[in-house]
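Every heavy atom of this structure was used, including side-chain atoms; hydrogens, water molecules and symmetry mates were not.
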Amino acid sequence: MTSGLDHVECRQGQYYDSVTLMQASRTVAGTAGVRAALIAMATPLNLEFAEGMGFVVPQAVPAQLLIAVRADDQNGIDAGLAALTAALSSRTSSAGIGSAEVLRPATIGAALADSDAALALISVPGPYAAIEAFDAVAAGRSVMIFSDGVSVEDEIALKRAGRDAGVLVMGPDCGTSIVSGVALGFANVVRRGPVGIVAASGTGAQQVSSLLETAGVGVSHLLGLGGRDLSERVGGLGAELALAALDADPDTDLIVLISKPPDERVAQRLRTLTDGFTTPVQFALLGPGQLDLTQTVESVLAAVGTSAPSWPVLGRDQHPGQPARLHGYFAGGTLAAEALLLLDE
């Protein structure tokens with residue numbers, strides 16, 4: 001049961017990438033008088049999310065822009081919509097859209113033809129993301145695919161093309177990376193340092209990088225792979241490229257490979273591959289009998305000659321005579337999987 005005044009609309013002919021819309025949602029939600037806000041493309045998942053927030057959502061298609069704002073009153077709604085207009089206008093202006101003097105390239109391939117950028121970040125609907133990524137790889141650029149909705153077949157073809165071209169393919173559904181200190185997607189603010197991270201798990205990568213930061217140890221690069229990379233079908237193609245890149249990086253003294261429970265044969269092949277590296281590799285592959293993420297970090301700290309700090313721990317409040325119960329809220333599947341493995345033990 002919600003209170004306040006709701007404003008819900010779906011606008012036709014307006015597309016913005018997901019990173020821009022998440023920033024816009026935060027801006028609107030922080031406006032005085034606004035209680036909640038969701039600004040997103042009207043995909044089935046986002047519509048379900050809006051309904052979960054208590055909004056009554058009309059029928060829509062993914063090409064429409066969903067705007068859902070809850071405020072104290074109409075003044076709050078108006079203020080929220082004004083903040084949204086300003087946020088999107090600022091984004092449009094900074095990109096040069098609408099300027100008679102600037103003609104923006106329509107594709108990644110066209111943009112890279114006149115640019116010396118080494119990496120392309122792609123955040124468009126899944127059916128189009130693979131096309132743009134192929135253009136980037138063909139232009140000899142590494143690519144981070146923030147978008148989800150890319151087929152497994154396209155992911156495999158992209159990573160094979162990246163291997164042939166000698167460039168990284170991070171993703172699809174790669175939510176976090178740090179390249180030479182530059183954060184891409186969702187990334188924690190961490191210091192530069194000697195540990196390189198390769199991750200088929202966004203939340204796992206964030207957890208490890210945050211624990212390293214807490215211990216005073218920095219990260220050289222954090223290369224995301226997308227959650228399917230160590231599956232049987234994809235076969236660790238992205239991991240091969242990323243691990244080799246960090247092994248050749250003079251600023252990386254130790255590599256950590258993080259993944260949700262992987263395919264065993266893929267994991268073994270990567271272990272065999274890294275046996276020939278000059279840079280040591282610490283595996284953090286969740287599964288029975290494996291180190292958890294905190295234990296992995298402690299092993300890394302020992303390897304770089306740093307003592308583990310006292311990690312913050314929440315206390316347990318158990319009433320006398322009552323059985324202990326654990327309630328968990330997880331911002332990511334990896335942390336939930338890790339918790340279940342710990343409980344099984």
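Interatomic distance, Thr27 OG1 to Leu21 CG, rounded to the nearest 0.5 Å: 11.0 Å. Residue Leu121 holds its CG atom at 12.5 Å from OG of Ser142, rounded to the nearest 0.5 Å. To the nearest 0.5 angstrom, Asp17 atom CG is 8.0 Å from Met22 atom CE. With values rounded to the nearest 0.5 angstrom, Ile77 atom CD1 is found 6.5 Å from Asp6 atom CG. Here CG of Leu301 is found 8.5 Å from CG of Leu211. Values are rounded to the nearest 0.5 Å. The distance from atom CG of Leu243 to atom CG of Leu270, rounded to the nearest 0.5 Å, is 6.5 Å.
Among residues at least two apart or in separate chains, side-chain hydrogen bond (donor to acceptor under 3.5 Å, both in side chains) pairs with a member in residues 123-138 are Ser18-Ser123. Applying the side-chain hydrogen bond (donor to acceptor under 3.5 Å, both in side chains) definition to pairs two or more places apart or across chains, those involving residues 49-69 are Gln12-Gln64. Within the structure, salt bridge (Lys or Arg N to Asp or Glu O under 4.0 Å) pairs that include any residue of residues 218-245 comprise Glu153-Arg233, Glu155-Arg228, Lys159-Asp229, Glu232-Arg265, Glu240-Arg269 (at least two apart or interchain). Evaluation of the side-chain hydrogen bond (donor to acceptor under 3.5 Å, both in side chains) test over residues 285-298, restricted to residues two or more places apart or in two chains, returns Glu298-Trp311.
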| query | For Leu66 and Met41, what are the C-alpha separation, side-chain angles and deciding distance, and is it a side chain to side chain contact (heavy atoms under 4.5 Å, CB included)? | reply | CA-CA 6 Å; Leu66 170 66; Met41 300 309 296; over 6 Å; no
| Going through the checks in order, is the side chain to side chain contact (heavy atoms under 4.5 Å, CB included) test met by Leu293 and Leu335? | CA-CA 9 Å; Leu293 295 180; Leu335 302 184; 4.1 Å; yes
| query | So Ser147 and Ile122, side chain to side chain contact (heavy atoms under 4.5 Å, CB included) or not? Walk me through it. | reply | CA-CA 7 Å; Ser147 312; Ile122 295 176; 4.3 Å; yes
| said: For Ile145 and Leu158: C-alpha separation, side-chain torsions, deciding distance, then whether side chain to side chain contact (heavy atoms under 4.5 Å, CB included) applies. | reply: CA-CA 11 Å; Ile145 309 169; Leu158 276 167; 3.8 Å; yes
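Leu5 and Ile39 end up in the same hydrophobic cluster when Ile, Leu, Val, Met, Phe, Trp and Tyr side chains are linked at under 4.5 Å. No continuous path of hydrophobic side-chain contacts links Val300 to Leu291 [ILVMFWY only; heavy atoms under 4.5 Å]. Taking hydrophobic clusters as Ile, Leu, Val, Met, Phe, Trp and Tyr residues chained together by side-chain heavy-atom distances below 4.5 Å, Leu119 does not share a cluster with Ile131. Both Val28 and Leu81 belong to a single network of hydrophobic side chains, linked directly or stepwise wherever heavy atoms of I, L, V, M, F, W or Y lie under 4.5 Å apart.
In this structure a side-chain-to-backbone donor-acceptor pair under 3.5 Å is present from Arg141 to Ala117. For the pair Ser209 (side chain) and Gln206 (backbone), a donor-acceptor distance under 3.5 Å is present. Distance alone, capped at 3.5 Å, places no donor-acceptor pair between the Thr274 side chain and the Phe277 backbone. Within the 3.5 Å criterion, the main-chain N or O of Ala111 finds no donor-acceptor partner in the side chain of Ser115.
Partner of Leu212 under the side chain to side chain contact (heavy atoms under 4.5 Å, CB included) criterion, chosen from Asn188, Ile197, Val304, Val190: Ile197.
No more than 12 heavy-atom neighbours from other residues, nucleotides or ligands sit within 6.0 angstrom of CZ on Phe49. Counting non-hydrogen atoms of other residues, nucleotides and ligands closer than 6.0 Å to CD of Gln14 gives a total above 12. Within a 6.0 Å radius of CD in Glu9, more than 12 heavy atoms belonging to other residues, nucleotides or ligands are found. Counting non-hydrogen atoms of other residues, nucleotides and ligands closer than 6.0 Å to CZ of Arg26 gives a total of 12 or fewer.
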For residues 247-262, which side-chain donor-acceptor pairs fall under 3.5 Å, sequence neighbours excluded?
from   : atom 1 : to     : atom 2 : distance (Å)
Asp247 : OD1    : Thr278 : N      : 3.3
Asp247 : OD1    : Thr278 : OG1    : 3.2
Asp247 : OD1    : Thr279 : N      : 2.9
Asp247 : OD1    : Thr279 : OG1    : 2.9
Asp249 : OD2    : His221 : NE2    : 3.4
Asp249 : OD2    : Thr252 : N      : 3.3
Asp249 : OD2    : Thr252 : OG1    : 2.6
Thr252 : OG1    : Ser220 : OG     : 2.7

Return a table of donor-acceptor pairs under 3.5 angstrom between the side chains of residues 168-187 and protein atoms on other chains or two or more places apart.
from   : atom 1 : to     : atom 2 : distance (Å)
Thr176 : OG1    : Phe186 : O      : 2.3
Ser177 : OG     : Gly224 : N      : 3.1

